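Structure first, then comments.
Numbered from 1 within each chain, the chains take letters A, B, ... in sequence-line order. All figures in this text were calculated on a predicted structure; none of them were measured in a lab.
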2 protein chains.
Amino acid sequence: MQNQTILLASRPSGTPTADNFRFETSMVPSVAAGQVLLKTLYVSVDPYMRGRMNAGKSYVAPFEVGQPIAGGVVAEVVESQLEQLPVGSVVVGNLPWQQYSLSDGKGLQRIPTGPAPVSYFLGLLGMPGLTAYFGLLDICQPKPGETVVVSGAAGAVGMIVGQLAKIKGARVIGTAGSDEKVAYLKELGFDETINYKTADIPAALAAAAPNGVDCYFDNVGGAITDAVYDLLNKHARIALCGQISSYNDAEVPVGPRPEGKLLKTSAKLQGFIVGDYLPQWPEGVKQLTQWYQEGKLRTEETVTEGFDQIPAAFLGLFKGENTGKALVKVA
Amino acid sequence: MQNQTILLASRPSGTPTADNFRFETSMVPSVAAGQVLLKTLYVSVDPYMRGRMNAGKSYVAPFEVGQPIAGGVVAEVVESQLEQLPVGSVVVGNLPWQQYSLSDGKGLQRIPTGPAPVSYFLGLLGMPGLTAYFGLLDICQPKPGETVVVSGAAGAVGMIVGQLAKIKGARVIGTAGSDEKVAYLKELGFDETINYKTADIPAALAAAAPNGVDCYFDNVGGAITDAVYDLLNKHARIALCGQISSYNDAEVPVGPRPEGKLLKTSAKLQGFIVGDYLPQWPEGVKQLTQWYQEGKLRTEETVTEGFDQIPAAFLGLFKGENTGKALVKVA
C-alpha cells in the first residue's frame, strides 16, 4: 500500500509557494513492537508553521530541507502493538504530513468519544483554543466592561478570543480582512468589527473604542497594532500571539517604536506560545469543553479535502482564505 | 524678601533650551492658617520632566506655559501654621522651582533625621531609588546567575538598578556614555560595562552577554534597546522605565519592530512609573535604607550650585553631564 509524505523542498524567501514542498511516495511501513500505525484523518495548517520553514533559532526547531513537514494532526490507529492505543483509537499530536505514520505513542493524546467532532481537537479544543484561553485569560485578564481588541479575529485563535472576552463581560472589537468575515464575527457576538482592508484603520478603531483599549490580543502586527498602541488605556495588557502580517518579510519590519506609548500607559506587552502553559492544558481543555457544551462557544472550520491539497491550504492562510480553523480532511 | 520662580516660557520643539524657561521675581508670600512656608534646599532635575514640557496626555499632566515648573524638591519649613510640620522640619515633595513656596502640607513627606543626607530623598531613597526597586524587583525579578542589562546605568535610577541586581546575585551589564561613567560602574560592582558612544553596540553587548539576556531595565531606548532585543532569552523580562534617547524627538521614532523578537522568546515588556507602586513606597524606602546602612548600596550625586543654575542642570541631563543623581543645591 502506498504512502504519501510532504517534505520541505526548499526554504521560502518571502511568501512561500507550492515549490517549497515536495511529495514523496513510499510504502506504508510495518509496525514493530511498541508502535502503532496511524492513518491521518485531519491535518491542521497554522500560521506559526511559516516560522519553522526558516532556518535559525525560534521557539520551535526549524523544519529541515528534505525532511517531512510536521504539525497538528488527528489520526486513527489502524494497527497497534501498543496496549494503551488499541485499533480504532483516535489521537491528536504533532505528526508528519503523511497519509500513514508510525508512532511509539509518545506525545499523542487520545481524543475522548462524544464531547465534540474529532477535528475540534485541532481547533477549539486544541492548540488554537488553548492559545486563546491562556493568552486572553492569563495575560490580558479582561474585566467586565473593559474594551478588548482582537486582530485576526476571524482566524482559528481570534474567533475564540472574542467569544471568551464576551464570556468575561468585556466589549469586544475584532478586525478581519473581508466583509464576510466581519459579518461572521457579528454572528459570534463581537460588539464592533473592522474590515481592515477597506477601513481607515486608526479612525475606525478610535470610533469603535471611544473609551480606549484595555486589552489587545494581537495575531497580526503592523498597521492595526500601531493604531491600537495609540489607544491604550493606563495599565493596558497586550497578549502578543502572532504577527502574520510580517511572517513572510525577509527583513525585520520597521515601524513606529512602541516603547514610548507603553511607557506613558504602564502597559504590558507579553509574548507567549501555548507551550508556556503546558502544565495547565488539561484545565484549559476542560473549561473550553464545558463552555462549548453549554453553547457559550461556537467554532467554524474551513475544511479543504485531499492530502494533495495540504500545501494549498497552508498557503491560503497568508491570503486570508480561511474563516476559523483551517484544516485538511485527508481520510 | 524677594522670591524667584522658574516658569515654562514656551514649549520646546526638539531639544529644550534656556529660552524655554523664564525667571520671575516676586515677594516671599505670607503664611496663612494651615500653611507652611518652605525654603527650597535641593531641586531634583529628572529626565521624565521633559515629557511634561510637551502638551498632550501622558502619565503626568503637562506643565502649562506661564506657570511654574514643578518637580522633586527637598525643603525646610521656615514658618509654620501647621502643627505636624514645625519650623525646622525638612520635607520632600513635588514643589515648584521656587526659592520659597507655600504649602498646606498635602503630599509632603517629612524626612527623618539620621539615616542619610537629606538630598538622598531625591535619589537613592526617593523616586529614583524606588523606581529602580520596583522596576527591577517586581517586573524583572532577576534570579541568581541571570544576566541583567541596564541602559543609562550611570544615571540616578540605573546605578541603583545595577547594585540591586548584584544584591540579587545576577550578572550585571551596564551601558553609559563616557569612559569616566563606565569606570564608575565598575567601582559599583557592575560585571561588564559598555561605553555606547565608542563601542559597536551589538557586538559589545553580545560579547558581554554570552548567555543571553534575562532581564533588561531600559532607561534609554534606541540602538541599545534594539541590540538587547536580539539577545533575549526565553521568558526575558523588560522593565520599560525611560526612553531618554527619544524624549527630544518631534516625531515618534521609527525602528525595527520588537514584536517578533518578543514573540519568539515569550518575553515581557512592561512599561511602568513609580507611581504605579504608591501603596508599596514605604516598604521600598525601608528596604533601600536598610541596604544603604548595611553598605550594600552606594550612590553618587552631581550637584550644581545656585537657583539660577536649575535650567542648565536640567538641560545637562540630555547631554549626559551627570553621573548619578542630578541635583541643584539652592540654599
Charged N-O contact under 4.0 Å between B/Glu146 and B/Lys168: no
Pairing of B/Glu64 and B/Arg52 as salt bridge, 4.0 angstrom limit: no
Please determine, among [options], the option with the most heavy-atom pairs under 4.5 Å with chain B.
options: A/Thr265, A/Asp218, A/Leu269, A/Leu262; value: A/Leu269
options: A/Ala236, A/Gly275, A/Ala267; value: A/Ala267
options: A/Leu263, A/Leu240, A/Val252; value: A/Leu263

Engaged part of A/Thr225 at the chain B interface, taking heavy atoms whose separation is under 4.5 Å: side chain
If you tally heavy-atom pairs under 4.5 Å against chain A, which of [options] wins?
options: B/Lys268, B/Lys264, B/Arg257; answer: B/Arg257
options: B/Gly221, B/Ser246, B/Gly255; answer: B/Gly255
options: B/Gly260, B/Pro258, B/Gly222, B/Gly51; answer: B/Gly222

Pair B/Asn219, B/Ser151: side-chain N/O donor-acceptor within cut-off below 3.5 Å: no
Geometric class of the A/Phe318/A/Tyr247 ring pair [parallel <30°, tilted 30-60°, perpendicular >60°]: perpendicular
Side chain, backbone, both or neither of B/Asp249 within contact of chain A (heavy atoms, under 4.5 Å): neither
Pairwise distance CD1(B/Ile238) to CG(B/Asp214) - rounded to 0.5 angstrom: 11.0 Å
Heavy-atom closest contact (A/Leu288 atom, A/Leu130 atom, distance): CD1-N, 3.9 Å
